[in-house]
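Quick one: the structure is below, questions incoming.
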Amino acid sequence: MGKDVIIACDFASAEQTFAFLDKFTGKKPFVKIGMELFYAEGPSIVRELKARGHKIFLDLKLHDIPNTVKKSMAVLSRLDVDMCNLHAAGTSRMMTAALEGLTREDGSRPMLIAVTQLTSTDQESMEADLLIKEPIDKVVMHYAQNAKNSGLDGVVCSPLEAGKVHDLCGKDFVTVTPGVRFADGDIGDQKRVMTPAEAKKIGSDYIVVGRPITAAEDPVAAYERCVNEFVD
Ligand code: C5P
């Protein structure tokens, strides 16, 4: 499986997204479409980016009853995204239903990745709001193991967790890691960050990079720097 840099296209409209991607003449980066852009533009944004030749990670983090998730995943599969995701908290039954929905008649399907605990959830809020009393690291690893046992391809996690996830779930279990910053860059609101080179060393399979590329003076150069550090 190929390592790649995924650009988080956290834009509010198709217009802004295309203006950004038009800078990449001749290159077709793997892009992540999140809820903001998808809810603003609908499925057409996926079709248009596919038609332009981009691979797409559709980051909608599904979490509902198994039947609803199964049917929704079938819709995303027909949209021909390359990667999509759900919350492992939806349980193993929801994850296996999602895989059923995602699998096409010919047996092919997009990659399916689980969110374990959001990085915005800390030990305190997990205990107080979710009544989960175990250490958060243990919860993250348990959810990763559930995702693996349910047949999913991997998890979204902090690059700091990627090594542990591989130790537990095997090296073929994919880790998709946001929270990436250049050594000389601004970390913004991310707390636990790694450089692309460090993420490579620890074994991340895909890094998701937003503002270090989208807000750079020269986004194409910033993207190439990520690729050089992480892939090459
Ligand atoms: O701009 P930045 O590089 O921080 O963007 C990271 C992207 O990854 C954003 O789209 C953010 O929503 C997403 N993400 C994250 N942390 C997670 C899961 C997703 O930063 N745990």
Side-chain angles (χ1 to χ4, degrees), residues 3-63 72-73 75-87 110-115 118-120 155-159 175-182 184-196 199 204-231:
K3 288 192 177 256
D4 212 344
V5 174
I6 303 177
I7 304 179
C9 285
D10 293 323
F11 298 111
S13 70
E15 201 185 346
Q16 286 171 33
T17 308
F18 295 143
F20 169 74
L21 290 172
D22 283 345
K23 299 185 167 118
F24 292 77
T25 38
K27 280 187 208 73
K28 301 292 174 189
F30 201 140
V31 296
K32 177 172 90 72
I33 300 175
M35 292 185 207
E36 183 188 9
L37 184 56
F38 189 77
Y39 293 154
E41 300 290 347
S44 67
I45 185 73
V46 175
R47 294 193 190 97
E48 285 176 56
L49 289 172
K50 278 294 309 180
R52 285 172 169 235
H54 295 276
K55 283 192 174 175
I56 294 171
F57 170 20
L58 190 56
D59 180 18
L60 298 182
K61 301 186 180 72
L62 276 68
H63 188 172
S72 307
M73 284 293 181
V75 175
L76 301 188
S77 189
R78 288 195 291 275
L79 265 180
D80 201 21
V81 298
D82 297 279
M83 186 187 284
C84 52
N85 62 358
L86 47 62
H87 277 282
M111 286 176 75
L112 184 59
I113 306 292
V115 175
L118 292 169
T119 44
S120 51
V155 286
V156 183
C157 62
S158 146
T175 51
V176 180
T177 63
V180 173
R181 291 294 179 265
F182 292 121
D184 52 1
D186 183 3
I187 75 165
D189 56 356
Q190 293 283 14
K191 297 239 172 336
R192 302 188 305 147
V193 299
M194 263 194 194
T195 65
S204 293
D205 298 292
Y206 295 88
I207 51 172
V208 176
V209 188
R211 288 159 293 178
I213 296 175
T214 55
E217 225 166 89
D218 184 345
V220 180
Y223 170 71
E224 278 168 358
R225 183 175 172 193
C226 280
V227 172
N228 289 339
E229 279 193 32
F230 182 69
V231 185

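Values below: all heavy atoms of this structure, side chains included; hydrogens, waters and symmetry mates excluded. We count residues from 1, following the sequence as given.
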- side chain to side chain contact (heavy atoms under 4.5 Å, CB included) evaluation trace for His63 with Val115: CA-CA 10 Å; His63 188 172; Val115 175; over 6 Å; no
- Item | Result of checking Asp186, Asp189, Asp10 against Arg211 for salt bridge (charged side-chain N to carboxylate O under 4.0 Å, His left out) |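 One option only clears the test, and that one is Asp189.
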- Would you say Pro196 and Val5 make side-chain contact, with heavy atoms under 4.5 Å?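 Result no, sub-4.5 Å side-chain heavy-atom pair not found.
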- Please walk me through it: do Ile113 and Cys84 pass side chain to side chain contact (heavy atoms under 4.5 Å, CB included)? CA-CA 6 Å; Ile113 306 292; Cys84 52; over 6 Å; no
- Point-to-point distance, once rounded to the nearest 0.5 Å, from CD1 of Ile213 to SG of Cys226: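 Reported to 0.5 Å precision, the distance equals 4.0 Å.
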- Query: What heavy-atom pair brings Ala12 and Leu37 nearest, and what distance separates the two atoms?
  - Reply: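 Here Ala12 and Leu37 meet closest at C-CD1, 4.2 Å.
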Would you tabulate the side-chain donor-acceptor contacts of residues 17-35 under 3.5 Å, counting partners in other chains and residues two or more places apart, or write 'none'?
| residue | atom | partner | partner atom | Å |
| --- | --- | --- | --- | --- |
| Thr17 | OG1 | Ser13 | O | 2.8 |
| Asp22 | OD1 | Arg52 | NH1 | 2.9 |
| Lys27 | NZ | Glu224 | OE2 | 2.8 |
| Lys28 | NZ | Arg52 | O | 3.0 |
| Lys32 | NZ | Asp59 | OD2 | 2.7 |

- Task: Verify side chain to side chain contact (heavy atoms under 4.5 Å, CB included) between Leu118 and His87, making sure each step is shown before the conclusion.
- Result: CA-CA 9 Å; Leu118 292 169; His87 277 282; 4.0 Å; yes
- Task: First locate atom OG1 of Thr175, then atom CG of Asp205, and finally report the distance between them rounded to the nearest 0.5 Å.
- Result: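 Rounded to the nearest 0.5 Å, the OG1-CG separation comes to 4.0 Å.
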- Considering only heavy atoms from C-beta outward, does the side chain of Ile45 approach that of Glu48 to under 4.5 Å?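 With C-beta onward as the side chain, the pair stays apart.
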- Message: With a 3.5 Å distance limit and no angle check, can you tell me whether Asn85 reaches the backbone of Leu62 through a side-chain donor-acceptor pair?
- Response: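 Here the side-chain-to-backbone pair does not exist.
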- Task: Taking the side chain as every heavy atom from C-beta outward, state whether Pro110 and Leu76 have any atom pair closer than 4.5 Å.
- Result: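 They are not in contact (no side-chain heavy atoms under 4.5 Å apart), so the answer is no.
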- Task: Using a 4.5 Å cut-off on heavy atoms from C-beta on, say whether the side chain of Pro212 contacts that of Val180.
- Result: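 Of all side-chain heavy-atom pairs linking Pro212 with Val180, none is under 4.5 Å.
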- Item | Whether Gln16 side chain and Phe11 backbone form a donor-acceptor pair below 3.5 Å |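 Here the side-chain-to-backbone pair does not exist.
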- Query: Looking at side-chain heavy atoms only, is the closest gap between Tyr223 and Val209 below 4.5 Å?
  - Reply: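 With C-beta onward as the side chain, the pair stays apart.
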- At their closest point, which heavy atom of Ala222 faces which heavy atom of Ala216, and how far apart are they?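 Heavy-atom minimum between the residues: CB-CB, 3.8 Å.
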- Query: Say you draw a straight line from OG1 of Thr177 to CZ of Phe230; how long is it, rounded to the nearest 0.5 Å?
  - Reply: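 Answer rounded to 0.5 Å: 6.0 Å.
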- Item | Shortest non-hydrogen contact between Ala8 and Thr214, atoms and distance |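 Looking at all heavy atoms of both residues, the shortest contact is O-CG2, 3.6 Å.
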- Message: Please evaluate residues Met83 and Ile6 with respect to the criterion side chain to side chain contact (heavy atoms under 4.5 Å, CB included), reporting the C-alpha separation (whole Å), side-chain torsions for both, the decisive distance (0.1 Å), and the verdict.
- Response: CA-CA 11 Å; Met83 186 187 284; Ile6 303 177; 4.3 Å; yes
- Just how far is it from atom CZ of Arg47 to atom CD of Glu41, taken to the nearest 0.5 Å?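 Here the rounded value is 13.0 Å.
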- Salt-bridge criterion met for Lys50 and Asp82 (N-O under 4.0 Å):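 A salt bridge is present here (some side-chain N lies under 4.0 Å from a carboxylate O).
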- Does a salt bridge link Arg225 with Asp218, judged by any charged N lying under 4.0 Å from a carboxylate O?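 Salt bridge between Arg225 and Asp218, a charged N being under 4.0 Å from a carboxylate O: no.
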- For Cys157 and Pro178, work out which heavy atoms get closest and say how close.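 For Cys157 and Pro178, the tightest heavy-atom pair comes out as O-CD, 3.3 Å.
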